Every structure is written in structure tokens, then in C-alpha cells.
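A short worksheet on the structure shown next.
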2 protein chains.
Amino acid sequence: MKTRRQRYSDSTKRALVDVAERLFTEHGYSATSLDAIVAGADVTKGALYHHFSGKQAIFEAAFERIESRATASIGRATEGHRDPWEKARAGLRAFLEAVQEPGYRQVVISDGPSVLGHERFREQEERSTYAIVDEIVRSVLAGDEWALDDQMLDTFTRIFFGAMSAAGGSVAVSDDPAAAAARVDAAIGFIMDGLRQLLHAEAGSGVTSRT
Amino acid sequence: MKTRRQRYSDSTKRALVDVAERLFTEHGYSATSLDAIVAGADVTKGALYHHFSGKQAIFEAAFERIESRATASIGRATEGHRDPWEKARAGLRAFLEAVQEPGYRQVVISDGPSVLGHERFREQEERSTYAIVDEIVRSVLAGDEWALDDQMLDTFTRIFFGAMSAAGGSVAVSDDPAAAAARVDAAIGFIMDGLRQLLHAEAGSGVTSRT
DNA sequence: GAAAGTACGTACCGTTGGTATGTCACCCAA
DNA sequence: TTGGGTGACATACCAACGGTACGTACTTTC
């Protein structure tokens, strides 16, 4: 049972993150002042600094919220499928959708790395959308006939994650997002077909020692 | 023939960009003050604002310099090769090298997008390393037997560029960069093998209409 | 119902990006 | 040679911003 004070406190905190998410999305990190945030939430800086340690902290709260929404959306899109390759395609489409959201583009992709720093950004990523990509990549590539070690699977995940992020960015800025998404879908599908063919053609040859 | 005043002026401008590049690389954009830059270059803010319109402008000058160095390095690595696939592999290795440079990581990858904005960042990219990737992708994929239109080739370039950037990032933060680079090389080589196989196996089928 | 603590509000500070204005050396024409 | 004009800065200053110190009212607890 929550006490009344806690309910009030949670409410103001939520209001702060709400406004912060909107302003950070619209104007970016540096162009968003704490004064504007507290004014929008109808509180003062005292309240903000009571709930958060500083500007970076409230940014991170908005960041996490945006990323968890994207993660949930992608997770929902993939959970139905049984075949790993189908699951991968469904995940890709959901990813391309999620990455077009303005908040994701501005807060996560653009401001995320520079505000949080490489390290924290990587940490945050790894327990959200990146985790889904990793899971899918492993389910697709980690057949018994393949001797891909953990680090090699990580490498593939990184590559696909980067490819999809860049592809998503190009979709987001396109004049015709639907057509652009279709092209990305075709291109990555094509690459996946190549991998699949290779998987069947020379199963067991091993790529880890290739130079 | 340059007058003495111009030589002095060029010298101070170069000194400013030198210091800016170093400080932006070491501490990032927001943690680098103009006071620190002008102090390091042994001039005053008046000089800085005489040569640049503001902080963003001098950042962009450092940005361009770092990117042009990377571009030149990659260009040098690829110019010898005749076979497109070999050229691509050589370019990939040079890219993975270039992306490990601290300046490239901090200024171009981390701060670049948020400071310059998506738009200007994309512009800068497109006439440097991205242009090389695009050229290589086209030389590899644009065989006569393939009916890939311009937009589809762009899509492939975006995807590969994103993949390589992400891969480069993972190499840069790795405990053992050499081993990580080898893994990336193997993984992308594997993907390329898949594409090549597909190119020969079902030449002319066309991927543009695939959904 | 008093003591303790939470959840803020208020007032203030140092730093920072940016600007307005002054100044002096240098170039060029007469 | 010289003197007006201009480029290349230096100096002084400002507003905005992130952050801090401290005060206060309302709640919970005992």
C-alpha cells in the first residue's frame, strides 16, 4: 500500500519525465534547459533535483522509457513466430518501425552516445533492443552443424545491429518511408538468403579461422 | 603570393583547430570550453570568433579534418586492387583501422550526430568515408546480370556502412582489438561470400521486388 | 501532538557561449 | 613617405544555464 505522499511524489516524477521526454525529443539534449522542463511540469528546480541527480540523470530516465517501448514493440512482433528465419524477418520489420519514432531517433540514436558516453550507452543498449537482435541472430546462426563460438556470434550481432540501425535511419529520413522500408527489407532478406544458402552448402567448414 | 598578414592569420587559425581537435577528442564537445581552446592556442576569444562563427563551427572544422584523414587512409588502402571483392576486403580492413582512432570515435561517431544534427552529419559523411563505401559496394554489386536500381544500391551501401561502423566500434572498445578486427573481417567476409554465391547461383532473378 | 523526515520552493553562484567595442599592426594608394 | 582604410585580433561584458545551499510546509510516525 502506497502512502499519499508517495503517490504525489510519483506523480510529479512522472510529470517531469513526461515533459523531459517531449522536450528532449523535440529540441535535443543541449537545447533543452532544466528551466523549460520544470516549467512544463509546473514545478521548480528543487523538485527536479530532489528526484534526479542532474540533467544527465533525467535524460537517462527518458532514454530508458523510450527504449523500453521500442523493445516491447519488437518483442511483441517476434513472439508469435516459430521458424527462426521468419522470426528474424518479423523482428526486422518491427525494428524498422520502432526506429522511425522521433524520440528514438533523437534521444537514443543521436544524443544517447554523446550524453551517456560510450560505456553507459552500450550498457543500456545491451539490455534492450540489442538483446533481441542477439537472441534472433543466435537462433538463426547457432545451428548444431556450425561451430561459431560466443565471440563470433557477438560479432555477427553487432554487425546486424549496426546494419539495421543504419537502415532504420535511412528509412526515417526518406521521402517515402514505406518504400524505403521495403527496400531495406529486400536487401537484408537478400543477405540472409545468402547466409542461409551458405549454411546449407558448406555446413561445418567453420568461418572462425578464415582470414 | 601570400602576404605576411595572411600567413599570420592562417597560422593562428591552424593553431586553433589543432587545439580544438585535441580537446574535443580528449574530453568531448560539451566538456570542452572555448576558454580552454583559446588558452591552449594562446589567443583570446576575439581571435576565435574572428575565424569561426561559434563553437559548432570550430567543431566542424576539427570534424572535417579528422574525417578527411580517415578518408585518405582508406583511399590509399583500396587504390591498388583490381578485383572488386579484393578491393572491398582491403577497404574494410582500412576502415576498421581508421575507426579505432580516438578522434574519429569521439568527434565523428559520438559527438558528430548530436552536434551537427542529422542533416549536416549526413552531408559530411556522404562526401568522405561513405563515398568510398558506396563506390566499393557499387563495383561489387553492379554487375550487368543484376538489375539493382540506384535506390537499391544506396540501400545496400547504407546497410554495409552501418554494419562496418558498428563493427568498428566493437573493435575499438575490445580488449584485444586485433582479434576483434579479425572476427569482424571473418564475419563480413562470410556475408560477402554468401552474396557472391547468390550472385552466381540465381543471377538475374532480381531482388528489388522481393517482399 | 511533538518529533522527524520527505518533498519540494527560493535564492543564489560559477561557468560558459556569445557579443560589442576598442586597438594596433599591416597593406596600399597617392 | 605617408596616411587613410581594413584586417586581425584583445578586452570587457552579458544573459543563460546547470548546479547548490538553505528554508519551509506538509506527512508520517511514535
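Chain letters run A, B, ... following the sequence lines, proteins first, then strands; residues in each count from 1. Because the structure is predicted, anything quoted here is derived from the model rather than measured.
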| Between D/dG18 atom P and A/Q56 atom CD, what is the distance in whole Å? | 13 Å
| query | Backbone N or O of A/F161 within a donor-acceptor pair of the A/S165 side chain at under 3.5 Å? | reply | yes
| N/O donor-acceptor pair under 3.5 Å between B/T71 side chain and B/E67 backbone | yes
| message | Go nucleotide by nucleotide along DNA chain C from the 5' end; which of B/G54 and B/R4 gets its closest nucleotide reached first? | response | B/G54
| request: Looking at every strand, decide which applies to B/T32 at a 4.0 Å heavy-atom threshold: base, sugar-phosphate, or nothing. | output: sugar-phosphate
| said: Rounding to an integer number of Å, can you tell me how far B/I58 CD1 sits from C/dT16 P? | reply: 16 Å
| query | Within the structure shown, what part of the strands sits under 4.0 Å from A/S53 by heavy-atom distance: base, sugar-phosphate, or nothing? | reply | nothing
| Separation of D/dC17 P from A/Y29 OH (nearest whole Å) | 14 Å
| request: Give a yes or no on whether a salt bridge exists between A/R127 and A/D134, defined as a side-chain N under 4.0 angstrom from a carboxylate O. | output: no
| Heavy-atom closest contact (A/A70 atom, A/A98 atom, distance) | CB-CB, 4.1 Å
| request: Do nucleotides 2-9 of chain C as a string where each nucleotide becomes B, S or -: B if the base has a protein heavy atom under 4.0 Å, S if just the sugar-phosphate does, - if no protein is that close. | output: ---BBBBB
| remark: Separation of C/dT19 atom P from B/L34 atom CG, nearest Å, is 11 Å
| message | Tell me whether B/E125 is salt-bridged to B/R120, with the criterion being a basic N under 4.0 Å from an acidic carboxylate O. | response | no
| request: Let me know the distance between CZ of A/F52 and P of D/dG19, rounded to the nearest Å. | output: 13 Å
| query | Taking only residues two or more places apart in sequence or in another chain, which ones pass side chain to side chain donor-acceptor pair (under 3.5 Å) with B/Q56? | reply | none
| field | Atom pair distance, as rounded to whole Å: OH in B/Y49 and P in C/dT16 | value | 13 Å
| Whole angstrom value for the distance that separates C1' of D/dC17 from CG of A/L23 | 15 Å
